[in-house]
Amino acid sequence: MSERVERVAALEEGPPGGPEEDAAGERLQALLAGLNEPQREAVTHGEGPLLILAGAGSGKTRVLTHRIAFLIYTGQAQAGEILAITFTNKAAQEMRERVEGLLGRATRGMWLMTFHAACARILRGEAQRLGYTRQFTIYDQADSRRLVRRCIEQLGVDPKRFTPAALNGQISAAKNRLQSAEDYRREVGSPFEELVADVYELYERELMAMNAMDFDDLLFRTVNLLELYEEARRRYGQTFRHVLVDEYQDTNHAQYRLLQLLVGGGTAPARGQRVQLEGHRNLAVVGDDSQSIYGFRGADVRNILDFQQDFPDARVVKLEQNYRSTQTILSAANAVIANNRGGIAKRLWSDLGQGAPVHVRELEDEHAEARFVVGEIERLLDEGTGRAEIAVLYRTNAMSRVIEDALVRREIAYQVIGGTKFYERAEIKDAIAYLSWIANPFDVVSFTRIANSPRRGLGQTSLGRIVGHSATVGVSVWEAAAQAQAIPGLGAAAVKSLRRFSQTMAELAELAARGTPVAELLEAVLARSGYLEALEAEAMGGAAKTIEAQGRIENLEQLVEVAREFDVTHGEGRGAERGMGADDGGESAGEGEGTLDLFLQQLALVADADARRDEEGLVTLMTLHNAKGLEYPVVLIAGCEDGVFPHSRALEEGGLEEERRLFYVGVTRAMRELYLTYARRRMVFGAPSYGLRSRFLDEIPAELSDCEEELTISRLAGEGSQNGVPARVRARARGHRENEWSRAGQASARAANELPPERVFRMGEDVVHAAFGDGVVTGVEPGGVIVVRFAGDGSERKLMAEYAPVSRRR
DNA sequence: ATCCTGATTTTTTTT
DNA sequence: AAATCAGGAT
């Protein structure tokens with residue numbers, strides 16, 4: 001490897017030599033041309049750990065792609081020796097295209113994908129070692145929540161008291177901490193955690209029996225695999241000679257551990273790990289602690305903050321020149337983020353000039369806000385701005401509807417990212433469930449989903465008997481279903497119906513085993529199962545449902561189209577499984593088996609962001625989270641009100657700083673023009689709510705925005721002190737229309753920030769009340785109100801957390 | 001088993 | 001305002 005380094009050095013010097021070396025030298029110069037000094041340093045860094053602190057818009061994608069190209073180009077790595085992790089599949093795909101553009105050839109064999117996709121791929125080859133087959137099913141969040149619900153019911157716990165969502169969240173958090181059910185059990189400290197442990201254990205057993213994994217398992221099991229098998233660890237560690245990770249600030253503990261296992265090194269292993277880590281330590285991470293916005297799903301900023309402790313010899317490169325935004329936008333972003341404590345100091349600057357002021361507007365209600373946003377978009381379009389250059393961002397998906405309505409009314413073409421997702425629609429999930437059950441006969445969740453869809457007269461009771469029978473006899477649901485008459489307690493009609501269903505499925509499985517292309521198989525499924533027929537019957541029927549059914553049919557046609565595309569790229573037998581030699585061993589006989597599995601796994605891992613389309617003349621609507629990593633000449637952020645953004649629930653849970661980072665992310669998406677709007681009145685849950693303008697708006701220096709009233713009051717309050725007290729004074733001055741509601745809003749903000757911790761209650765906590773006795777918190781409402789259900793008489797009461805005589809029970 | 005209706009809940013954010 | 005759920009009627 002030292003000769004490699006020499007070669008790099010030689011190339012950098014632009015050595016004398018034969019004609020092809022000259023050409024190579026030129027190529028290399030071209031690769032490095034146009035990079036600023038720190039960018040170049042990051043790109044040309046050789047072996048060993050590398051931390052790239054990349055401020056918003058500082059060209060980190062450029063650095064990553066150029067670095068990959070550089071590594072390949074200088075012979076430091078083959079394409080197949082690179083593992084590059086991105087946040088979305090879309091980002092991976094874009095990055096691959098750019099690398100190929102730089103190299104002028106295909107990047108066959110390079111692992112350029114998300115953590116989850118990489119893990120799924122590894123596990124497909126190694127699943128047997130962990131007791132799974134390679135056809136294991138991946139459950140999305142909805143699936144796993146359903147399973148949790150079943151577990152809760154099986155344990156005889158009231159799902160009212162503890163919602164599947166809450167328990168699922170606990171389990172997911174544990175998995176992200178790499179805490180197994182047994183680990184969790186060992187550390188329980190409350191009755192609630194006791195319950196979580198029970199559910200967690202059962203949930204794991206069920207998943208295992210169904211040959212299924214949830215999202216978190218993909219990471220967790222891969223870590224298990226690498227910890228358990230030194231051979232696998234070595235093999236993957238050596239295969240991926242260079243590992244690059246984008247958006248490192250949003251990695252969770254499992255992902256962190258995975259990286260350590262792959263590249264070796266880091267500090268002493270976390271939580272008593274026994275594995276001796278060794279490896280090449282060629283890990284390059286890119287991120288920005290100011291843009292860490294996924295704490296709620298287990299991301300841990302400390303991963304990036306502590307990188308230099310993990311790798312004391314790491315080279316650190318800071319990218320501080322912003323190539324995206326005007327100085328005004330940057331100054332606004334910097335001023336807001338300065339209100340967070342800690343973090344890595346950086347000073348972002350731009351030479352793109354001051355540009356326009358930030359446009360801040362107050363509107364009457366959300367409809368007026370939507371009209372303003374759309375009106376402004378129309379004006380910009382008239383001025384020659386392209387639709388694809390405009391993005392509208394908001395805090396929650398629910399907020400898109402009003403804006404969509406306004407856009408439709410003005411006939412402006414748009415796309416919504418996220419929200420009601422294509423792959424979460426019932427008909428799509430049904431169709432996929434059919435395929436899943438064919439691929440994985442143990443997949444009970446899929447079976448129960450499709451058995452009575454379309455209606456076959458197999459209701460809850462019958463399904464329960466079938467599943468119960470399969471569990472007692474110890475065979476897959478598939479086999480159980482095939483032996484309909486052997487299932488005790490099943491009525492004659494049910495037996496007959498199940499027989500027919502099972503027969504159809506057997507035929508379809510036969511088709512699949514013969515290596516039928518996925519699109520063809522899917523069409524056969526939809527036709528023979530009677531699914532399409534039922535929908536068509538509904539679409540023909542005269543009622544209002546017609547349109548809906550028609551839409552569903554169209555969605556299914558789209559899915560078939562997706563499958564057809566998959567067949568084209570992965571068709572012709574083998575082509576699919578390229579990449580490292582390591583997983584070839586696991587590939588079973590070559591009858592085209594495995595294609596269906598691959599298709600299903602790809603589907604399971606598609607994200608909303610992957611659906612984004614560029615350059616098609618569409619205005620883009622999405623949540624601030626989905627906007628991560630993107631940029632638009634014009635950005636409009638709607639709903640800048642306290643309680644909406646920052647979100648009230650984040651305030652309650654002490655997540656203000658993460659909200660502020662989210663705001664920072666939103667602001668820094670804008671290149672030229674930035675609009676921040678808020679409404680005095682907004683319908684929430686069908687009831688009006690009145691909020692104050694977002695505190696983040698007050699953190700923007702007045703001279704950067706164009707709100708005139710703002711300037712006047714700010715001058716009155718004292719020149720130059722935009723932060724701190726005067727800012728709040730301004731907010732009060734503007735919000736003097738406040739009534740009951742806004743005061744309630746303030747109280748809730750206070751609840752999080754100023755109440756002592758023993759006065760802050762969360763869902764599911766056990767409490768005791770001086771008069772009513774023991775109870776459990778079943779709701780947390782704005783205004784510092786908590787809802788408690790009391791064990792004594794089963795009644796539910798609303799209490800003021802601040803004043804009521806309640807305390808935590810232990 | 002299925003359908004209808006009224007009640008309850010939902011809104012953070014997502015791989 | 002919309003979606004999901006529970007309970008009861010058919």
Side-chain angles (χ1 to χ4, degrees), chain A residues 85-92 113-120 138-142 144-146 149 159-160 163-165 169 172 175-176 214-219 247 250-252 254-255 292-299 366 393-402 405 417-421 423-424 426 451-463 491 493-494 497 604-610 622-628 639 643-653 655 658-659 661-663 665-666 682-689 778-782 787 796:
Chain A
I85 301 292
T86 58
F87 203 68
T88 62
N89 296 305
K90 175 96 178 170
M113 54 188 88
T114 65
F115 268 113
H116 288 83
C119 288
I138 299 171
Y139 286 163
D140 67 14
Q141 195 178 341
S144 60
R145 192 168 290 176
R146 271 158 52 117
R149 155 162 265 137
K160 266 292 166 49
T163 66
S172 172
K175 286 188 176 183
N176 284 329
D214 62 25
F215 275 167
D216 305 313
D217 279 335
L218 293 175
L219 305 170
E247 309 284 10
D250 280 319
T251 51
N252 64 30
Q255 292 163 336
S292 163
I293 55 174
Y294 282 97
F296 67 90
R297 75 173 205 218
E366 74 268 34
L393 311 182
Y394 37 77
R395 182 64 233 276
T396 65
N397 282 305
M399 293 168 65
S400 74
R401 178 167 259 120
V402 194
D405 286 347
I417 309 302
T420 37
K421 305 148 202 174
Y423 290 99
E424 275 177 24
N452 202 30
S453 179
R455 310 239 175 262
R456 296 189 178 87
L458 294 170
Q460 241 182 348
T461 350
S462 299
L463 291 186
S497 177
L605 297 174
V606 293
D608 300 330
D610 301 333
M622 65 191 140
T623 63
L624 287 134
H625 281 88
N626 267 319
K628 179 162 98 157
V644 175
F645 190 20
H647 196 277
S648 55
R649 234 179 115 177
L651 291 173
E652 279 157 23
E653 289 166 17
E658 180 154 314
E659 293 288 300
R661 290 193 292 268
L662 188 57
F663 190 79
V665 167
R682 183 180 296 276
M683 297 295 270
V684 181
F685 298 153
S689 105
T778 57
V780 179
E781 297 184 354
V787 187
E796 201 161 72

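Given the structure is predicted, the values throughout are model-derived calculations rather than measurements.
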Name the pairs: protein N/O against N/O of nucleotides 1-5 of chain B, kept only if under 3.5 Å.
| unit_1 | atom_1 | unit_2 | atom_2 | d |
| --- | --- | --- | --- | --- |
| B:dA1 | OP1 | A:Ser462 | OG | 3.1 |
| B:dA1 | OP2 | A:Thr461 | OG1 | 2.8 |
| B:dT2 | OP1 | A:Gly457 | N | 3.3 |
| B:dT2 | OP2 | A:Asn452 | ND2 | 3.0 |
| B:dC3 | OP2 | A:Arg455 | NE | 3.1 |
| B:dC3 | OP2 | A:Arg455 | NH2 | 3.4 |

A:Leu218 vs A:Ile138 side-chain heavy atoms within contact, under 4.5 Å: yes
Separation of the C1' atoms in B:dT12 and C:dC5, to the nearest angstrom: 22 Å
Contacts of type ring-ring contact (aromatic ring centres under 6.0 Å, His included), residue A:Tyr294, not counting sequence neighbours: A:Phe87, A:Phe296, A:His625
Atom-pair distance (CZ on A:Arg149; C1' on C:dA6), nearest Å: 11 Å
Partner residues of A:Asp217 under the salt bridge (charged side-chain N to carboxylate O under 4.0 Å, His left out) criterion, sequence neighbours left out: A:Lys175, A:Arg221
Sub-4.5 Å side-chain heavy-atom contact between A:Gln255 and A:Leu219: yes
Residues in salt bridge (charged side-chain N to carboxylate O under 4.0 Å, His left out) contact with A:Arg456, at least two apart in sequence or another chain: none
For A:Glu366, salt bridge (charged side-chain N to carboxylate O under 4.0 Å, His left out) partners two or more places apart: none
Nearest-angstrom distance from the residue atom CD of A:Glu659 to C1' of B:dT11: 13 Å
Nearest-nucleotide comparison on DNA chain B, the residue closer to the 5′ end among A:Gln255 and A:Phe685: A:Phe685
side-chain N/O A:Asn252 vs B:dT15 OP1/OP2, d < 4.0 Å: no
Between B:dT14 (C1') and A:Phe115 (CZ): distance, integer Å: 16 Å
A:Asn397 and A:Thr623 side chains, donor-acceptor separation under 3.5 Å: no
Short side-chain N/O contact to B:dT11 OP1/OP2 from A:Ser648, under 4.0 Å: no
For atom OH of A:Tyr139 and atom P of B:dT15, their distance in whole Å: 20 Å
Between B:dT14 (C1') and A:Asn397 (CG): distance, integer Å: 10 Å
Touch class at under 4.0 angstrom, heavy-atom based, for A:Phe87 against every strand present: sugar-phosphate
Stacked pair A:His647-B:dT12, distance under 5.5 Å, angle under 30°: yes
Listed partners of A:Tyr139 passing ring-ring contact (aromatic ring centres under 6.0 Å, His included), at least two apart: none
Interatomic distance where OH belongs to A:Tyr394 and P belongs to B:dT13 [whole Å]: 10 Å
Atom-to-atom span, CD of A:Gln141 to P of B:dT14 - whole angstrom: 10 Å
Nearest-angstrom distance from the residue atom CG of A:Asp405 to P of C:dA2: 10 Å
Phosphate-side-chain proximity, A:Asn626 and B:dT14, N/O vs OP1/OP2 below 4.0 Å: yes
Side chain of A:Arg401 (C-beta onward), nearest among C:dA2, B:dT12, B:dT14: C:dA2
A:Phe296 ring over B:dT13 six-membered base ring, under 5.5 Å and 30°: yes
Nearest-nucleotide pick for A:Arg395, side chain only, options being B:dT15, B:dT13, B:dT10: B:dT13
